[in-house]
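Notes for the one structure printed next.
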Amino acid sequence: MKCARCLLQLQCLRLVGQSARSAAQHGALLRSASSSQPDMLHNTQVLRRFHGSPACAKSRPVPAEFINEDDKKRDEKSLVAHDDLFEQVAKEVKTKATFNKVVDVFIKRDIRRRGHVEFIYAALKKMPEFGVERDLAVYNKLLDVFPKEVFVPRNFIQRMFNHYPRQQECGVQLLEQMENYGIMPNMETKVLLVQIFGEKGHPMRKYQRIMYWFPKFKHINPFPVPQQLPEDPVDLARFSLTRIANDLDAKVTVYQLPSTDITESGEQITLPHIVGIQSPSQMELLAQHSPSRPVFVEGPFPLWLRKTCVYYYVLRADPTPPDEKVEEPFDPERCLAFPLQLDLDLDRDFGDEESFDVEDLDEGPVFAMCMTSQGDQAVLNQWISGLQQNNPILGQVPTLFRLDPGPRELQGPADTESAHHHRTDRPQREERQPEEDEEPRRSQGAKW
């Protein structure tokens, strides 16, 4: 210990001697300058020198007049936008491998990870294009872009004043995107968040909330939709109709498979698929329908399955008039789990409001449903013809078509061109024909 103190004292004396020697030299120079030029002594001011650290000397700003234009252009070229970085690396194919390659390029480009917040925001925006928006490993790789142990608050004051708010907000945004896509974090995500923001940061609290609520809501939907929907249109229509009907006794029938046929003239025709569903109770209601009252084919109606939209058509009838209604007694043993009728003798209080009433709206029975890729009247006629095999009464009941304009998803390229020509000719036809009511127009496609 005494030797160390002696060495420190010697170093201090050496530094003092050097500073005194430099001060003496500086004073001699000033003295010589004043003796050679006595007239300029009154106009000069002695500037005191400040000792700075080497880090300050390195970060000293350079005047703009000494910066060359070539250096400016070189700096602008080096600051490539992060969106362009994804486009440059993944020019041909956008896959998970190319996305990880872009992240690796950014990590290796700078050790200090300058611009990591902007890069993570750009990566979160580009994830759906690369198909990695539901990949937990990619989210953990993006969290690994943050510098470690830099944004961790050291005391309660830093923690109270939201230490590094931009970085914490970026981490919360990454976890929110995972939450929107239903991705549950794992232990690796927790370790990364602790290393980056500490155990008391806002991203860590967001992680704790996700881990608390996600297991509770994971299986709360009684009718879950799978993440990967069937790619075959027939399988997708079968799944959708089963979901709409919600009847275990309902039977799905494929009336026509998608195929390509060639006519006698050599023209190629694409036949659409026709898939229908009907339950025994619907067949019973259709058998009891009066032949004097028509049935209607209506649609298309949209059904969303995650990001996929499909369309279906229904065969229904108008509500039964009150004069023709026949009240049938309920069978108590028809459904033991869910009774169809309840006779409860409840005592009424003076505070009960007897004028309260619920308006019942009778929409009429629905006899069948179908899905097809081409919703015109000719295709739906094939569906009605297929239903006649199990429902002979359809041969006696008039069928009216109430069809709305088909959506764009149901039209192919050729159909789009024909529809465009049909729209251009429509104003001329409307000028020739007088205006009519909407109901006669819908009844033009009646099938008797």
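These numbers were taken from a predicted model, which means no experiment stands behind them. In this chain, numbering begins with 1 at the start of the sequence shown. What you see below is based on every heavy atom in this structure, not just the backbone, and it leaves out hydrogens, waters and symmetry mates.
For the pairing with V132, the side-chain contact (heavy atoms from CB on, under 4.5 Å) check across K126, K141, M127 returns one residue only, M127.
With hydrogens and angles disregarded, no donor-acceptor distance shorter than 3.5 Å links the side chain of R112 to the backbone of P147. Between the Q282 side chain and the V366 main chain, a donor and an acceptor come within less than 3.5 Å of each other. The closest donor-acceptor contact from the side chain of Q256 to the backbone of P272 lies under 3.5 Å. Checking side-chain atoms of Q168 against main-chain N and O of H163 turns up a donor-acceptor pair under 3.5 Å. Side-chain N or O atoms of D376 include one that pairs as donor or acceptor with a backbone N or O of V379 at under 3.5 Å. Under the 3.5 Å distance criterion, the side-chain polar atoms of R316 are matched with a main-chain donor or acceptor of E363. The backbone N or O of V225 lies less than 3.5 Å from a partner atom in the side chain of R306, making a donor-acceptor pair. Counting only distance, with no hydrogens or angles, the side chain of T270 and the backbone of T260 share no donor-acceptor pair below 3.5 Å. In terms of modelled atom types and a separation under 3.5 Å, the side chain of Y139 and the main chain of P185 share no donor-acceptor contact. Side chain of Q177 to backbone of L174: no donor-acceptor contact under 3.5 angstrom is found.
The side-chain contact (heavy atoms from CB on, under 4.5 Å) search around R154 returns Q158, not counting sequence neighbours. Considering only residues two or more places apart in sequence or on other chains, E129 meets the side chain to side chain donor-acceptor pair (under 3.5 Å) condition with K94.
In this pair, Y312 and F301 present their aromatic rings tilted. The plane angle is within the 30 to 60° band.
Pairing each heavy atom of L387 with each of A368, the nearest pair is CD1-CB, 4.0 Å. The nearest pair of heavy atoms linking A137 to K96 is CB-NZ, 4.4 Å. Nearest heavy atom pair, residue N246 against residue F223, reads OD1-CE2, 3.7 Å. Heavy-atom minimum distance, S240 versus L303: CB-CD2, 3.9 Å. Between W383 and C370 the shortest heavy-atom distance is CE2-CB, 3.4 Å. Of all non-hydrogen atoms in D247 and S281, the two that sit nearest each other are OD2-OG, 4.3 Å.
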- Message: Working note: T399 + F296, criterion side chain to side chain contact (heavy atoms under 4.5 Å, CB included); need CA distance, chi angles, decisive distance, verdict.
- Response: CA-CA 6 Å; T399 305; F296 304 95; over 6 Å; no

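Between the side chains of Q278 and N391, at least one donor N or O sits under 3.5 Å from an acceptor N or O.
Residues L136 and E188 form no side-chain contact, since every pair of their non-hydrogen atoms from C-beta on lies 4.5 Å or further apart.
Relative to the six-membered ring of Y181, R134 misses at least one condition, a distance below 6.0 Å or an angle of at most 45° to the axis.
Ion pair D235/R238 flagged as a salt bridge, since at least one NZ, NE, NH1 or NH2 atom sits closer than 4.0 Å to an Asp/Glu carboxylate oxygen. Classification of R293 and D318 as a salt-bridged pair fails, no side-chain N sitting under 4.0 Å from a carboxylate O.
Ring centers of F151 and H116: under 6.0 Å apart, within the cut-off. You'll find the ring centres of H289 and F367 inside the 6.0 Å limit.
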Donor-acceptor pairs are to be reported for all side-chain atoms of residues 189-218 against protein atoms at under 3.5 Å, with residues two or more places apart or in another chain.
| residue | atom | partner | partner atom | Å |
| --- | --- | --- | --- | --- |
| T189 | OG1 | N140 | OD1 | 2.6 |
| T189 | OG1 | N186 | OD1 | 2.8 |
| K206 | NZ | E179 | OE1 | 2.8 |

